[in-house]
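Quick notes on the structure that follows.
Note on naming: letters A, B, ... go to the chains in the order of the sequence lines (proteins, then strands), and numbering restarts at 1 for each one.
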Amino acid sequence: MSEIYNHHVVEKKWHKIWDEEKPFKATTDYTKPKYYALVEFPYPSGQGLHVGHPRPYTALDIVSRKRRMQGYNVLFPMGWDAFGLPTENYAIKNKIHPAAVTKNNVARFKDQLKSLGYSFDWDREVNTTDPNYYKWTQWIFLKLFKAGLAYKKEMPINWCTSCKVGLANEEVVNGVCERCGSEVVRKVKSEWMLKITDYADKLIDGLNEVDYIERVKTQQKNWIGRSEGAEVDFKLNGLDETLTVYTTRPDTLFGATYMVISPEHPLIDKYKDKIENFDEVVSYREAAAKKSDFERTELAKDKTGVALKGITAINPVNDEIIPVWISDYVLMSYGTGAIMAVPAHDSRDYEFAKVFNLPIVQVVEGPEGACDLEKEAFTDVYTGTMINSGFLNGLSVEDAKVKIKDFLEEKKIGHRKVNYKLRDWVFSRQRYWGEPIPIIECEKCGFVPVDESELPLLLPEVESYVPTDNGESPLAAMTDWVNVKCPCCGGPAKRETDTMPQWAGSSWYFLRYTDPDNDKEFASKEALNYWMPVDWYNGGMEHTTLHLLYSRFWHKFLYDEGYVTTSEPYQKRTSHGMILGSDSQKMSKSRGNVINPDDIVRDYGADTLRTYEMFIGAFDLAASWQEDGVKGCRRFLDRIWKLQDLLVDGDAYDKDNETKIHQTIKKVTNDFENLKFNTAIAAMMELVNVFYKDKKVNKAEYDVLLKLLNPVAPHITEEIWEILGHDNHIYNETWPEYDEAKTVEQTIEIAVQVNGKMKKTINILLDSAKEDVLAEAKEQVKGSLEGKTIVKEIYVPGRIVNLVVK
RNA sequence: GCAUCAGUGGCGGAAUGGCAGACGCAGUGGACUCAAAAUCCACCGGUAGCGAUAUCGUGAGGGUUCAAAUCCCUCCUGAUGCACCA
């Protein structure tokens with residue numbers, strides 16, 4: 001009898017061997033076929049590893065280990081996305097340098113990851129807070145600046161009126177400061193921006209070249225939100241002023257019965273003398289300033305607004321005089337900050353018109369019954385016909401759009417315009433723990449880049465990490481550091497004191513892994529050429545819009561500048577679902593449903609945790625943690641271990657098991673590539689059940705099972721492999737092959753239905769003739785056919801018989 | 001509010017146009033044991049029936065099809081993201 005499997009001893013033993021032998025090191029032999037598997041590097045938080053982390057890591061560890069056995073030179077790296085707010089807040093609270101906090105957290109994370117037996121190439125570890133790393137983050141920023149893609153703009157920030165600091169959105173809870181509970185307002189500040197909108201079309205078009213899962217592509221496209229519409233100029237009545245609006249529905253121009261501008265629109269102050277109710281307007285604007293864009297559109301049901309009394313506009317197509325309102329559902333950040341309102345054909349305008357009793361003029365007629373303007377706006381663009389619209393009458397919406405755009409351009413009252421929901425990237429943070437922005441502001445020369453030879457521009461030591469009272473970053477208090485000579489004219493100048501957002505370091509880290517110690521370039525051309533693109537990148541759905549888009553943007557920029565050789569960074573992108581608590585709620589301290597992976601590793605072993613997280617459910621869906629399920633996976637591994645007691649001689653698969661084994665190899669091989677880790681494990685469980693039923697397993701069968709399971713549970717399988725007397729390790733073995741012909745059963749069972757209802761199953765030979773199968777089927781369901789006539793006979797070969805009777 | 005995704009036994013889930021519930025957990029019965037745990041074996045959606053079997057059943061309602069968990073429409077519920085958390 002074999003001894004009971006001791007995961008403590010076995011896992012420790014193999015960690016030591018892997019550390020010493022480094023079998024998972026990516027080689028610089030650029031003649032071998034390469035495979036670059038990437039997981040999003042974690043933010044090393046003070047809480048340590050969450051049970052959510054191992055899910056994607058194990059998945060790509062499986063893929064990496066399998067690919068190595070298939071002969072690839074695999075790059076599977078890990079690093080730390082270590083700048084960020086929580087570290088800084090912890091540092092402020094405990095008066096510890098954020099670098100020290102980061103160092104501790106990284107050490108903890110690394111220990112935890114090592115305890116899980118991942119095949120990361122630890123020699124290529126990167127850390128975004130390492131000056132040797134952020135040197136290149138700053139370098140890329142300078143390239144963006146020099147290419148005209150970085151600029152400064154006045155942007156609103158969240159401002160706590162009591163703490164007198166700028167707050168992250170996350171620090172604003174229900175409109176008040178998370179720390180002190182005081183009121184938070186929007187305050188305008190000049191901030192660095194990156195012109196990602198210049199890349200909007202490239203970011204959409206690039207999606208055609210890559211194999212991202214469909215929902216990721218869809219979400220990216222929707223986030224960029226390209227729309228083709230028109231800008232239309234409305235003259236203000238009695239003033240020498242035009243108000244330009246952006247609309248995707250210029251075809252409904254005849255139905256524009258009023259206009260709405262954003263409360264922040266510059267026109268308001270410009271014409272404050274003309275606005276009779278200016279006080280009312282100002283107080284509305286102040287109220288709106290307290291709301292985020294999100295709140296403003298969320299509260300869409302209860303439309304609010306104020307008419308600009310004394311200001312009216314002229315509809316350019318029918319010369320009607322129409323009122324101008326302000327309302328917070330119009331955002332300054334999208335389009336021109338002004339809209340023409342067509343209440344009959346836009347639901348937001350409709351609600352607004354209903355609240356304030358504004359006229360609703362129908363200009364598109366839908367099919368009979370499709371349109372009831374008493375109840376709601378008619379927004380369908382596919383079935384409508386134009387009415388009440390002068391020269392557009394009788395046209396379809398589609399044709400009307402073309403004709404009105406031609407008309408606008410001809411009469412010079414508007415033009416075609418492509419718009420994006422995507423906004424430029426706010427790149428400034430008034431924080432300490434980030435990359436300093438390497439720009440010097442000179443009164444004479446303006447913004448002057450720090451010379452590349454001076455990079456990295458190090459974060460200076462400061463006494464306090466708390467942002468200053470006027471909302472500047474803590475760096476602003478370091479006058480020695482701030483006051484410099486202008487590199488251009490030698491005159492007095494000041495350093496930029498804002499730092500970069502945490503997104504900066506993560507926008508190019510995958511490039512650094514290819515050549516992490518290079519101090520001449522961010523990575524050598526040779527390394528980039530060989531390793532890029534990333535073959536498979538997995539990360540959370542929550543990064544689909546921001547991180548994924550930002551990093552694609554930087555990569556495309558570097559491609560345009562000739563620094564990288566592929567236009568897209570990632571060939572394949574998948575996303576994993578969250579691991580929820582046993583109550584199917586997100587794990588959080590306050591809910592008390594948090595599971596610590598260390599406890600699972602201690603009690604059941606790393607292999608069990610890995611197996612369980614892969615078995616828990618469909619990889620891309622959320623799954624809830626069940627301690628009993630963990631036990632089941634440990635039981636499965638114990639059954640694998642105890643197969644040692646059923647071992648018999650045999651160099652070939654048992655004849656009776658041959659089909660099952662080839663089927664299992666096929667299923668596991670394919671499922672690992674298709675994110676179906678749960679069914680791959682289920683298939684291996686079935687195979688184990690077969691061996692238990694037979695009360696025997698031969699050497700050839702055991703070997704193949706161990707190889708298939710190795711990527712999932714590397715420690716136990718290596719140990720058994722050694723016990724079985726092999727003189728090598730599994731990681732030196734090649735991945736099992738299957739013979740397609742041997743995966744096919746000769747006799748199959750198919751269902752017989754009568755009128756689509758399952759009645760019986762019959763066993764047939766795979767190559768049986770249709771007539772024979774139908775005859776056998778009719779014989780078997782005789783009872784159900786009595787007194788009926790067969791009107792149709794359906795036989796889908798190898799699948800089903802369906803007899804339609806009357 | 002907008003966007004994306006999901007809803008199947010007591011539970012986690014499988015099946016994505018062809019036998020609903022693979023696999024696992026829990027449960028029930030049996031073997032082993034003085035006994036328990038562990039382990040091994042068997043059963044395991046509801047209703048009716050001793051049974052063969054019949055019938056219902058994949059969030060709700062409708063539709064397409066010989067055939068729908070799967071495709072289409074309407075609705076309900078939940079999860080995630082929403083640009084300064086990462």
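Nucleic acid contact class of A:L580 (heavy atoms, under 4.0 Å, all strands): none. Using a 4.0 Å heavy-atom criterion, one finds that A:A683 contacts no nucleic acid atom at all. The residue A:K189 sits apart from the nucleic acid: no heavy atom pair falls under 4.0 Å. Using a 4.0 Å heavy-atom distance criterion, A:I616 is classed as a sugar-phosphate-only contact. Across all strands shown, A:T544 has no heavy atoms under 4.0 Å from either base or sugar-phosphate atoms. The residue A:W503 sits close to a base: some heavy atom pair falls under 4.0 Å. Within 4.0 Å (heavy atoms only), A:D81 reaches sugar-phosphate atoms of the nucleic acid but no base atom. The residue A:L85 sits close only to the backbone: its heavy atoms come under 4.0 Å of sugar-phosphate atoms, none of a base. Within the nucleic acid shown, A:I750 has no heavy atom closer than 4.0 Å to any nucleic acid atom. Residue contacts for A:E749: at a heavy-atom cut-off of 4.0 Å it reaches a base atom on one of the strands shown.
Rounded to a whole Å, the CH2 atom of A:W159 is 18 Å from the P atom of B:rC84. The CZ atom of A:R639 sits 12 Å away from the P atom of B:rC23 (whole-angstrom rounding). Between the P atom of B:rG1 and the CG atom of A:D328 lies a distance of 16 Å, rounded to the nearest Å. To the nearest angstrom, P of B:rA68 lies 11 Å from CG of A:N755. Per the geometry, CG belonging to A:D424 stands 12 Å off P belonging to B:rC84, to the nearest Å. The distance between atom CD1 of A:I800 and atom P of B:rA15, rounded to the nearest whole Å, is 18 Å. Here the C1' atom of nucleotide B:rC2 and the CD atom of A:Q219 are 11 Å apart, to the nearest Å.
Distances shorter than 4.0 Å separate none of the side-chain N or O atoms of A:N678 from OP1 or OP2 on B:rG13. Phosphate proximity of B:rA38 to A:R634: absent, as no side-chain N or O sits under 4.0 Å from OP1 or OP2. In this structure, A:K757 reaches the B:rC56 phosphate: one of its side-chain N or O atoms is under 4.0 Å from OP1 or OP2. For the pair A:K631 and B:rG12, the criterion of a side-chain N or O lying under 4.0 Å from OP1 or OP2 is not met. OP1 or OP2 of B:rU4 has not a single side-chain nitrogen or oxygen of A:R215 nearer than 4.0 Å. Phosphate proximity of B:rG24 to A:R635: absent, as no side-chain N or O sits under 4.0 Å from OP1 or OP2. A:K676 has a side-chain polar atom (N or O) that falls below the 4.0 Å cut-off from OP1 or OP2 of B:rA15.
Between B:rG45 and B:rC11, the two P atoms lie 13 Å apart (nearest whole Å). For B:rC41 and B:rC56, the P atoms lie 37 Å apart once the distance is rounded to whole Å. Nucleotides B:rA3 and B:rC75, compared at atom P, are 13 Å apart to the nearest Å. Separating the C1' atom of B:rA26 from that of B:rC43 is a span of 14 Å, rounded to the nearest Å. Rounded to whole Å, the C1' atom of B:rC66 lies 46 Å from the corresponding atom of B:rC82. Nucleotides B:rC44 and B:rG24 are separated by 15 Å at their P atoms, to the nearest Å. Rounded to the nearest Å, the gap between the P atom of B:rU58 and that of B:rA69 is 7 Å. Taking atom C1' in both B:rU70 and B:rC19, the straight-line distance is 15 Å, to the nearest Å.
Between A:R634 and A:D638, at least one side-chain nitrogen of the basic residue sits less than 4.0 Å from a carboxylate oxygen of the acidic one, meeting the salt-bridge criterion. Ion pairing between A:K770 and A:E793 fails under the 4.0 Å rule for side-chain N and carboxylate O. Electrostatic pairing of A:E351 and A:K303 counts as a salt bridge here, judged by a charged N lying under 4.0 Å from a carboxylate O.
Put simply, the residue from A:Y537, A:Y509, A:W80 that forms a ring-ring contact (aromatic ring centres under 6.0 Å, His included) with A:F41 is A:Y509. Exactly one of A:V172, A:L167, A:V185 qualifies for a side-chain contact (heavy atoms from CB on, under 4.5 Å) with A:W159. That residue is A:V185.
When each of B:rU4, B:rG18, B:rA83 is scored by its nearest atom to the side-chain atoms of A:N169, the top-ranked nucleotide is B:rA83. Of the candidates B:rC66, B:rC40, B:rA86, the closest approach to any side-chain atom of A:Y692 belongs to B:rC40. Candidate nucleotides B:rU39, B:rG81, B:rU55 were compared by shortest atom distance to the side chain of A:T545, and B:rG81 ranks first. Listed nucleotides: B:rC23, B:rC82, B:rC84. Nearest to the side chain of A:F615: B:rC23. Ranking B:rC5, B:rG12, B:rA86 by closeness to the A:Y43 side chain, first place goes to B:rA86. The side chain of A:Q626 sits closest to B:rG12 out of B:rU4, B:rG12, B:rG81. The side chain of A:E686 approaches B:rA22 more closely than any other nucleotide in the set B:rA83, B:rA22, B:rA26. In the set B:rC66, B:rU4, B:rU55, the nucleotide with an atom closest to the side chain of A:N222 is B:rU4. Ranking B:rA20, B:rU80, B:rC66 by closeness to the A:M758 side chain, first place goes to B:rA20. The side chain of A:P86 lies closest to B:rA86, out of B:rC19, B:rC84, B:rA86.
Below the 3.5 angstrom threshold, one finds a donor paired with an acceptor across the side chain of A:N802 and the base of B:rC66. No hydrogens or angles were tested; on distance alone, nothing pairs the side chain of A:Q753 with the base of B:rC19 as donor and acceptor under 3.5 Å. Put simply, the side chain of A:H543 and the base of B:rA86 share a donor and an acceptor less than 3.5 Å apart. The base of B:rC84 lies close enough to the side chain of A:E191 for a donor and an acceptor atom to sit less than 3.5 Å apart.
Between the side chains of A:E496 and A:W192, at least one donor N or O lies within less than 3.5 Å of an accepting N or O. For the 3.5 Å distance criterion, the side chains of A:D620 and A:S575 fail to qualify, holding no donor opposite an acceptor.
In this structure, B:rG57 shows a glycosidic angle more than 90 degrees from zero, which is the anti conformation.
No side-chain heavy atom of A:F691 sits less than 4.5 Å from a side-chain heavy atom of A:K696. Contact annotation: the side chain of A:K631 never approaches that of A:Y612 to less than 4.5 Å [non-hydrogen atoms, C-beta and beyond].
The strand RNA chain B forms stems, runs of 3 or more Watson-Crick or G-U wobble pairs with distances below 3.5 Å, at B:1-7 with B:76-82, B:10-12 with B:23-25, B:27-31 with B:39-43, B:45-48 with B:53-56, B:59-63 with B:71-75.
Within a 6.0 Å sphere centred on CZ of A:R799, heavy atoms belonging to other residues, nucleotides or ligands number 12 at most.
For the pair A:T499 (side chain) and A:R431 (backbone), a donor-acceptor distance under 3.5 Å is present.
A:R423 forms no cation-pi arrangement with A:Y334, by the criterion of a distance under 6.0 Å to the ring centre and an angle within 45° of the ring axis.
Sequence order on RNA chain B of the closest nucleotides to A:A622 and A:Q430 puts A:A622 first from the 5' end.
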